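This report concerns only the one structure given below.
No experiment lies behind these values; they were computed from the predicted model shown. Side chains are part of it too, since the values below use all heavy atoms of this structure and drop only hydrogens, waters and symmetry mates.
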Amino acid sequence: TYLNIHKHEVFYGNGKRQLSIKYGLVVPLCGRHHNMSNDGVHYNRVLDLKLKQQAQKAFEYQYPDLDFMEIFKRNYL
């Protein structure tokens with residue numbers, strides 16, 4: 001159901017959550033895949049990295065004139 005949809009800011013911590021929101025790097029996840037089980041992105045490093053890689057690619061496509069590393073301080077690819 002729609003009641004179990006969580007908004008997940010792909011980059012978080014140290015002001016990155018607001019940057020995720022600013023640049024649209026937010027994905028809908030069910031509670032299980034967000035933070036309500038060990039499978040959730042906050043506990044599963046493989047899933048977390050996969051989402052970060054996809055978000056970085058999307059950012060670089062959407063904002064070709066901006067430097068992802070300058071803004072987010074890390075390369076996830």
Exercise. Residues in side chain to side chain contact (heavy atoms under 4.5 Å, CB included) with Ile71, at least two apart?
Worked result: Leu19, Tyr23, Phe59, Leu66

Seminar exercise, completed: For Val10 and Ala55 the tightest heavy-atom approach is CG1-CB, 3.8 Å

Exercise. What residues form a side chain to side chain contact (heavy atoms under 4.5 Å, CB included) with Asp67, not counting sequence neighbours?
Worked result: Met69, Glu70

Problem set entry | Linked hydrophobic residues, Val26 as query - side chain contacts closer than 4.5 Å | Ile21

For this session: Only counting residues at least two apart or in another chain, list the ones meeting side chain to side chain contact (heavy atoms under 4.5 Å, CB included) with Leu29.
Result: His8, Val27, His34, Val41, Leu51

Problem set entry | From CD (Gln54) to CG (Leu25), nearest 0.5 Å | 11.5 Å

Exercise. What are the two closest non-hydrogen atoms of Gly40 and Leu47, and how far apart are they?
Worked result: C-CD2, 4.4 Å

For this session: Kindly say whether the aromatic ring centers of Tyr63 and Phe68 come within a distance under 6.0 Å.
Result: no

Problem set entry | Audit row: Phe11, Arg74, side-chain contact (heavy atoms from CB on, under 4.5 Å) steps and yes/no | CA-CA 11 Å; Phe11 302 100; Arg74 186 168 170 195; over 6 Å; no

For this session: Mark yes or no for whether Gln53, through its side chain, and Leu77, through its backbone, hold a donor-acceptor pair below 3.5 Å.
Result: no

Seminar exercise, completed: By salt bridge (Lys or Arg N to Asp or Glu O under 4.0 Å), Arg17 pairs with (sequence neighbours left out) Glu9

For this session: Quick one: pull up OG in Ser37 and OH in Tyr43 and give me the separation to the nearest 0.5 Å.
Result: 9.0 Å

For this session: Determine which pairs satisfy salt bridge (charged side-chain N to carboxylate O under 4.0 Å, His left out) with at least one residue from residues 51-63, sequence neighbours left out, and list them in order.
Result: Asp48-Lys52

For this session: Taking side-chain hydrogen bond (donor to acceptor under 3.5 Å, both in side chains) as the test, write out the residues that go with Asn14, two or more places apart.
Result: none

Exercise. Can you list every pair that meets salt bridge (charged side-chain N to carboxylate O under 4.0 Å, His left out) and has a residue in residues 23-37, with sequence neighbours left out?
Worked result: Arg32-Asp39

